[in-house]
Amino acid sequence: MSMPANALQGDRVPEEQKGVRLIRYVDALREAFEQEMTRDPHVFLFGLDVDDHKGIQGSTLGLQEKFGKDRVFCTPLSEDAMTGVAIGAAMAGYRPIHVHIRMDFMLLCMNQLVNMGAKAHYMYNGQVKVPLVVRTMIGRSWGQGGQHSQALHALFMHIPGLKVVAPSNANDAKGCMIAAIRDNNPVIFVEHRLLYAVDGYVPYESYEVPFGKARVLQEGDDVTIVAVSHMVMEALRAQKHLESVGIQAEVIDPVSLWPLDMDTIMDSARKTGRLLVVDNAWLTCGASSEILTRALEICQDSEEPLPALARMGFAFTTCPTTKPLENVFYPNSRSIAAQAYEMVKGKGKLWEPPVDAKTEIDAFKGPF
Amino acid sequence: MSMPANALQGDRVPEEQKGVRLIRYVDALREAFEQEMTRDPHVFLFGLDVDDHKGIQGSTLGLQEKFGKDRVFCTPLSEDAMTGVAIGAAMAGYRPIHVHIRMDFMLLCMNQLVNMGAKAHYMYNGQVKVPLVVRTMIGRSWGQGGQHSQALHALFMHIPGLKVVAPSNANDAKGCMIAAIRDNNPVIFVEHRLLYAVDGYVPYESYEVPFGKARVLQEGDDVTIVAVSHMVMEALRAQKHLESVGIQAEVIDPVSLWPLDMDTIMDSARKTGRLLVVDNAWLTCGASSEILTRALEICQDSEEPLPALARMGFAFTTCPTTKPLENVFYPNSRSIAAQAYEMVKGKGKLWEPPVDAKTEIDAFKGPF
Amino acid sequence: MLSQELVAHLYKKMLLIRRFELRLAEVYPTDAVKSPIHLSVGQESIAVGVCDPLAEDDIISNTYRCHATYIAKGGNLQEMMAELYGKQTGCAGGKAGSMHLVDMSHGILGASAVVGTTIPVATGYALAMQMAAKTTGRQRVVVSVFGDGGTEEGCFYEAINFAALRKLPIIYVCENNRLAIHTPLEKRWAKDNLCERVATYGIQTYKIDDADVFKIRETMTKAVEYLRHGGEGPIFLECATYRWLEHVGPRDDHSDNYRSLDEYLDWKEKDQIVRLAAMLDDNTVQRIQDEVTAEIQAAEAFAAQSPYPTAEELYTHVYAS
Amino acid sequence: MLSQELVAHLYKKMLLIRRFELRLAEVYPTDAVKSPIHLSVGQESIAVGVCDPLAEDDIISNTYRCHATYIAKGGNLQEMMAELYGKQTGCAGGKAGSMHLVDMSHGILGASAVVGTTIPVATGYALAMQMAAKTTGRQRVVVSVFGDGGTEEGCFYEAINFAALRKLPIIYVCENNRLAIHTPLEKRWAKDNLCERVATYGIQTYKIDDADVFKIRETMTKAVEYLRHGGEGPIFLECATYRWLEHVGPRDDHSDNYRSLDEYLDWKEKDQIVRLAAMLDDNTVQRIQDEVTAEIQAAEAFAAQSPYPTAEELYTHVYAS
Ligand SMILES: Cc1ncc(C[n+]2csc(CCOP(=O)(O)OP(=O)(O)O)c2C)c(N)n1
Ligand SMILES: Cc1ncc(C[n+]2csc(CCOP(=O)(O)OP(=O)(O)O)c2C)c(N)n1
Ligand SMILES: [Mg+2]
Ligand SMILES: [Mg+2]
């Protein structure tokens, strides 16, 4: 079920492609809105700050001018009720895109999302649908700290009725957004602040990146690294480190966390015999525990040998603001490479990968 | 790290015990409040309906009369702010017990619990503590339906800074509540409506059941069943079914879900070679995936053979109200026994256990 | 002057609600209805006064105490009874029960058991109706009903602020029975002046304190007409009322002594069903009573005969295709 | 008549805040401060007027825009600067940064980056202070400061209803700069009459629309005295003000054209720091400016010299023992 990895990170030029050009993740999102809002008059976009001159890091710039104040508008600071408003409008046949500038703020609207959004179609036996997109951003760096850096996708994966996607590159950002807008269910659309400025090859035309299909971003025979959201960038860098010592890592981006494409992940793990999941979140009851448990269940069911399994993610602490502590809070290309190295070479085999060139993390400047 | 299982379900008489008597789970809770409020004037209890004539199924009856309206009081319907109020009072050195009559309503106060309660001690570098108990009930049966039956402990296990306990019997209900009240962290105290009326032997005196220690409720050599909250009742019934066909199941109640006592679970799994986790919740990114992943990690680390692993829990749907569908939504003693049987006897070996005598599920009568 | 026709019409609606619910209370001990029932007995005039002026394509939204508005808005009675019985033919296939009644074909948005939740959802529906009217030319109106307790949830203020800001075609109706479960208003509201507070959002407010069905209907008729024809919403209506039976379940719980019997007796005197019956001739009353009885019996028979859902239905409608 | 001493005292506090923040803005491009700074430049008179009447054991609570109240309430300046530098000696050991300043020894409750969150928390602290006063005999007072945007969150209404119900010793202060990030009040409030709305809870309200530091201080002095000596809370204070710089970061962003320059110029004329300086003799002004400069330099030196936390500190204080 793997998909051709034909439009990836900015530093990977696709072999033969027409109708694409290099644009930023955030511009790819903007294009998705523009194309979908043009196509379907029921699509509208709202949330705090969507119509100001910064336009949600540029992702909503110009949309109000083009589609009017009825279809693009800001709201009061009322996340809970505004989520209910989005759900109600969705029940009425509209397709709202509700924007949160931080995933942390979604804790304010869990009731609407979980008790109404996720359940309405089921509880009312199909009498209503809730075609809702909830855009939400994970923050990082420059002292965002405990309340502006959380990645809470596991909370949503736990709930039947919700879908969760977390594209890591511009191509998937556009395609997943279009798919999310057309989906008849509430989709939690997880963006990452550090990905916004990253370029990728993106088709001009409109297209859907279907949910439930993982992407093999890099092939390799020695170890499978499944990475989520911004950790895909770190995993791709780790892959390069590993290559330098002769280890070929296969890097997989699940793209959609729920539905989850275990087939692609297992195909790879069978080949490499090693599966390392790097979540951009806490581990406990997280996406990483789910992926590992599913791997386990699949192997047991088919009585095949279990690959070596491991997971990495945020430290089990609140995210501190100061850089030296933030640095150890997150997995990075070097800690990922070291972990993969040990999985390949054997327990206790330690290796310190070289320091990366300047990354999007270093490049990020505040205030926010 | 296992604890002596000296005070269990009502149908198990402890061998030699003084100073205990058989009381209901709900009365054990009430006794914990009374003893702790007598001991420490900083403990107070509040929430919707705590002072009405039904007294939260009896668990708070008489407390306002005894401790006054300053220490036992009801609130407006404002879960979000009331949780903040509890956190603020806790920061000021008080020990609030905040009551929610449904776990589903905690979705309204996730922001306060996760963004403030869980983080304050860390984010303010130890300058404040948040000694808060959040009582919350899982509902079941008699048409409670999608919004009155959720068990959301996994959402809280995911968050650093919170503790989560889910006692399944009267003795643990009292001891865990006392421990929770004395704990200097926010503790999510998970109760289950169907356990309230179940009797257990409970000491008269005050005692703590420490967090992070699982209980072996029943010893057995063939399969380990770890069961959460009300599923402990089902697992104990399943154990009896299994015994009737010569299979000895070891039944373990983690009691506290975070911190989690993997030592006791692994000791048992090593002995039986089989570990079945039965959660009283959804599976995806749930307590069951966490326990299985930890088991896997431990075995890989120590290079020991992996036991057979499996999990059961709620169907991945919203809970329907009608009985025939509710019956298939939950695991039960028979489905648990059948699963354990297959783990012991080999894949494809099916067995249909006998029907139980009348259980607390059948005995439960509405309206709520 | 009130036409006999109108009186008969409103009488029948209120009677249908009351008889239906009292029949439920009667059946309840048999466990045929395994659902937590929040009855509106005594409060029927609000549902009827509120829903009568609505067109079929207008929308009503409510909480768990939703039998009355479901019936008043014209929801299918047989499907309602079947839902309460947990049957496949129920308005939600047996998956929802009493607290989540829904009938989209009659403009009845699904109810919710979580207090307050439906207020923003109804508001969002009104936003959609405002958008839709720009192309259809017809302004459909949304009514959001909730209890006094519902106004204590923060989302109520968030929702009405937004509705007022966007001038949405929605009417908020607070059924103020001064109780949240057993807790009186005095223990929950710092001050009893909801209309005054809501008015600070620039919202038109109306307060009706005797549950007079004609007053409620008239106020609603004007409000609906106003919004239908370009008037700027929202509009807020607070209706005092009294819950005769227990919060949830079939019992009269006055013996539990958490509320005053005098108040009950006062409200019984204002009972709109008795009042309207007295305005009609005996034959009409009899005819209506018979009709109502027959409808309820038919609903009961339908529910009883209907099959339960099959186990596979557990997995239908988890995701919409 | 205002004593010169008082004028000098208030002037110094306001100047310390402004100079500290402007120095931050200056340092910011060096990346020494890797923290999102929400400056209060232009708004200082509120923090100073509000905090001056408080005793050391009274409590102030605030949002992410918390530098001004931290300083005005007497928070440790060196630890504040060290916190902004991410140093181990910071008021929160470098774990909190600009948005979560805290100094419990001076009654400064930890600030929060999530709008609205601290309002209920402060309310709970006031509940505890009300309980404590019954044994200590001394009523400590809590002040909860938030922006105009904070009043749009439902928890604000939930909290003030509860505070009014329990008559808590808390003063709510809304710093109304009419902006939430770049969004003007008009796009967020259905109607601009917050005090009127709050009054419907039976809460005393005061509105000060020129940011006059003496007026604010006097209103607060009366409010604190009232609550200290058995008066029933809560009390609500709305203070109009104007944010001179960008929402977050060091820049003057008037060139972004989302707000009117005229308003800015109007407010600059009301600048309390200029006003109070003019009320003092030149020597005093000079002396105070020198003191302020020295304090800030000392804080900067302290911050610069302090070590960063060690990696192990990542795992301290996850759980309290
Ligand atoms: C968010 C939430 N909190 C608490 C409850 C429990 N509860 C169910 S009904 C009710 C009382 C609601 O009172 P009101 O809104 O006045 O409606 P009424 O029952 O009087 O019609 C409460 C507290 C709930 N269902 N949802
Ligand atoms: C719950 C929440 N929603 C959104 C944000 C993003 N945000 C940060 S500051 C701000 C504006 C708040 O305005 P106001 O309360 O008036 O305070 P001011 O910045 O003007 O002092 C917003 C929307 C947030 N931090 N928290
Ligand atoms: Mg009520
Ligand atoms: Mg503001």
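As the structure is a computational prediction, the values presented were derived from the model and not from experiment.
- Within the 4.5 angstrom heavy-atom criterion, atoms from both the backbone and the side chain of D:Ala311 approach chain A.
- Interface check for chain A: of the options D:Ser98, D:Ser112, D:Gly150, the most heavy-atom pairs under 4.5 Å are formed by D:Ser112.
- Residues A:Lys54 and D:Ile181 have side chains not in contact (no heavy-atom distance under 4.5 Å, counting atoms from C-beta outward).
- By number of non-hydrogen pairs under 4.5 angstrom with chain A, the leading residue of D:Ala96, D:Gly90, D:Gly154 is D:Ala96.
- The two residues A:Thr317 and D:Leu314 have their closest heavy-atom pair at CG2-O, 3.4 Å.
- The two residues A:Thr321 and D:Gly97 make their nearest non-hydrogen contact at OG1-N, 3.2 Å.
- Residue-environment remark: NZ (A:Lys69) stays at or below the threshold of 12 foreign heavy atoms within 6.0 Å.
- Note that the OG1 atom of D:Thr316 and the CG atom of A:Leu325 stand 8.0 Å from one another [nearest 0.5 Å].
- In this structure the side chain of A:Asp49 never reaches within 4.5 angstrom of the side chain of D:His182, judged on heavy atoms.
- If you measure heavy-atom distances from D:His38 to chain A, the contacts under 4.5 Å come from the side chain alone.
- Using a 4.5 Å cut-off between heavy atoms, D:Val114 contacts chain A through both its backbone and its side chain.
- When all heavy atoms are compared, the tightest approach of D:Pro36 to A:Gly143 is CD-O, 3.2 Å.
- The part of D:Tyr28 that comes within reach of chain A is its side chain, from C-beta onward, which places non-hydrogen atoms under 4.5 angstrom from that chain.
- Atom NZ in D:Lys95 sits 14.0 Å away from atom CD in A:Glu326 (nearest 0.5 Å).
- The choice from D:Glu313, D:Met99, D:Glu246, D:Glu83 that makes the most heavy-atom pairs within less than 4.5 Å of chain A is D:Met99.
- Atom OG1 of A:Thr318 is separated from atom NE2 of D:His100 by 9.5 Å, given to the nearest 0.5 angstrom.
- At a heavy-atom separation below 4.5 angstrom, chain D is approached by A:Phe329 within residues 329-337 of chain A.
- Here D:Gln88 contributes atom CD and A:Thr322 contributes atom OG1; the two are 10.0 Å apart, rounded to the nearest 0.5 Å.
- Under the side-chain hydrogen bond (donor to acceptor under 3.5 Å, both in side chains) criterion, A:Arg193 pairs with A:Gln57, not counting sequence neighbours.
- Of the two parts of A:Phe316, the backbone and the side chain both hold a non-hydrogen atom closer than 4.5 Å to a non-hydrogen atom of chain D.
- With rounding to the nearest 0.5 Å, the separation of CG in D:Asp31 from NZ in A:Lys323 is 10.0 Å.
- Between the side chain of A:Ser78 and the main chain of D:Glu152, a donor-acceptor pair closer than 3.5 Å is present.
- Contact of D:Pro184 with chain A is not made at all, since no heavy-atom distance falls under 4.5 Å.
- Considering only heavy-atom pairs separated by less than 4.5 Å from chain A, the leading option among D:Leu84, D:Thr310, D:Asp256, D:Thr183 is D:Asp256.
- Contact annotation for residues 257-264 of chain D against chain A (heavy-atom separation below 4.5 Å, listed by residue number): D:Tyr258.
- Here the closest heavy-atom approach between residue A:Thr75 and residue D:Arg188 is recorded as O-CG, 4.1 Å.
- Contact annotation for D:Thr117: neither backbone nor side-chain heavy atoms come within less than 4.5 Å of a heavy atom of chain A.
- Chain D is approached within less than 4.5 Å, heavy atom to heavy atom, by A:Phe105, A:Leu108 from residues 104-111 of chain A, ordered by number.
- The two atoms that bring A:Leu77 and D:Ala180 nearest to each other are CD1-CB, 3.7 Å, heavy atoms only.
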